[in-house]
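Atoms within a ligand are numbered from 1 in the order they appear, just like the ligands themselves. What's counted below: heavy atoms across the whole structure, side chains too, no hydrogens, waters or symmetry copies.
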Amino acid sequence: MGWKSLAELDLAGKKVLLRVDINVPMEGERVLDTTRIDRIVPTVKAIQAAGGSAILLAHFDRPKGKVVPEMSLSRVLPALSAALGEDVAFASDCIGAPAEAAVAALPKGGVLLLENTRFHAGEEANDPAFAADLAKLGDIYCNDAFSAAHRAHASTEGLARLLPACAGLLMAEELSALEAALTTPERPVVAIVGGAKVSSKLDLLSNLITKVDYLVIGGGMANTFLAANGADVGKSLCEHDLAPTARAITEKAEGAGCTIILPVDVVVAREFKANAAHEIVAADACPPDAMILDAGPATVDALAEVFAKCKTLVWNGPLGAFELTPFDAATNAAAQAAAALSRAGALVTVAGGGDTVGALNHAGVAGDFTYISTAGGAFLEWMEGKTLPGVAALG
Ligand code: 3PG
Ligand code: MG
């Protein structure tokens, strides 16, 4: 904590440099998912209502310090204007003459979007001179980009030291939801961690076993744990060299009072494709020529029982190859079980990171979850117990 909220600062007549994350997926000139744009609207409106004008700073994709026309934020401008219900001005650079002229022309209560901060190498380098050039453009800094808060960049970190700083409404909402999920949760707490590789989630698992009562391991990661326990996993995705690591995590979990839950049955197939012929086998009995593509129905029943015992659930990563029917079945059924408890008010459900939101949308239950984070990497780093530079700089 330690940060100021938007409401604590006097915004009347002020130019607010508002860092947002509108790094949205696009196909041609169409925004495929406007969630990140929609979720910053309340903050922009709050700034306007308090008598300020909003100057939006954002990155788009990874241009690596150079101007890459396809990565211009002008492509996101129409969707931003539509979400806000008003015209948003645009400056062709985020510093220097074009930015200064656009700021000077901005009426009180107006909204201006500055070009991609990552077109300047100083952004990712967190160069103080670049941060100072940004600071010149406004009176107050407001960070509403939780999903970029794991980056110590000029517009997410350096700028917070140069101007009176505060958290935007979305940032505040993300932080309070995440604190309710892991810092001060109602217990018992269950975490679900899925995804392909244990190696990419070692820090996450190590932190979670000290925080949660039940840790469900799903997806390809579960295969590594099953194999470490001596199960045959056939041709499944599996990091056999991490068997000692998996055993060490299991042992440490036992010491910390955390129960690790692995699949008890699995869905196996000979081909990695939708509608491949498949069968359900015990989790330790994958045939040598087959691969595990999903958890089985007995596993889903066991998970539903755990959910019913818990008060809080944190979800990151799918339980199976959810993009291929019917290997989305366990993810869908477990998500629906969690959603039903959430709707009934019995379970606080928080999800985020990578494929998670896509999987919950696919299961048709994202709307029933208590909170869905807009963050990918930042959600993961936060779950790993790491300090997020963008948040720390606000304090
Ligand atoms: C994201 O989409 O993960 C955020 O916008 C951060 O982007 P980055 O991973 O390129 O830093
Ligand atoms: Mg990322």
Side-chain angles (χ1 to χ4, degrees), residues 17-27 30-41 43 56-68 70-77 79-80 83 94 113-127 130-131 134 142-160 167-168 170-171 173-175 178 193 195-197 199-201 203-204 316-318 351-361 366 372-384 386-394:
L17 286 174
L18 176 63
R19 181 44 158 111
V20 294
D21 185 354
I22 48 176
N23 192 23
V24 287
M26 295 194 70
E27 194 176 69
R30 198 166 67 90
V31 175
L32 292 176
D33 178 359
T34 60
T35 304
R36 283 180 169 176
I37 297 173
D38 299 335
R39 300 271 297 264
I40 59 158
V41 169
T43 304
L56 274 55
L57 293 169
H59 71 280
F60 185 62
D61 212 329
R62 294 177 173 171
K64 302 246 159 70
K66 290 197 184 67
V67 175
V68 179
E70 308 81 72
M71 297 181 193
S72 170
L73 272 170
S74 60
R75 297 180 59 201
V76 182
L77 193 62
L80 180 64
C94 65
L113 174 66
L114 303 180
E115 181 59 288
N116 198 340
T117 52
R118 289 187 184 174
F119 281 180
H120 293 269
E123 165 70 338
E124 296 195 48
N126 200 359
D127 173 12
F130 176 68
L134 293 174
C142 176
N143 190 346
D144 213 21
F146 174 76
S147 48
H150 56 321
R151 309 297 182 205
H153 295 172
S155 70
T156 61
E157 206 271 353
L159 196 47
L170 175 59
M171 172 69 90
E173 188 183 278
E174 294 268 6
L175 291 172
L178 271 50
V193 178
K197 287 186 168 175
S199 52
S200 63
K201 293 202 176 168
D203 290 346
L204 178 61
N316 172 258
D355 280 346
T356 315
V357 179
L360 296 179
N361 278 326
I372 305 249
S373 176
T374 55
F379 185 88
L380 275 182
E381 290 199 22
W382 175 82
M383 274 179 71
E384 288 168 357
K386 293 192 177 137
T387 299
L388 304 182
V391 177
L394 292 176

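Here the side chain of Glu174 pairs a donor or acceptor atom with the backbone of Thr374 at under 3.5 angstrom. Between the side chain of Asp144 and the main chain of Leu170, a donor-acceptor pair closer than 3.5 Å is present.
Partners of Glu70 by salt bridge (charged side-chain N to carboxylate O under 4.0 Å, His left out), not counting sequence neighbours: none found. By the salt bridge (charged side-chain N to carboxylate O under 4.0 Å, His left out) test, Lys64 pairs with no residue at all, sequence neighbours left out. Applying the side-chain contact (heavy atoms from CB on, under 4.5 Å) criterion to Ala359, with sequence neighbours excluded, gives Pro318, Phe322, Thr331.
The residues lining ligand 1, counting any heavy atom closer than 4.0 Å, are Asp21, Asn23, Arg36, His59, Arg62, Arg118, Ser147, Arg151.
When each of Leu80, Leu114, Leu17, Thr43 is checked for a side chain to side chain contact (heavy atoms under 4.5 Å, CB included) with Leu56, only Leu80 meets the rule.
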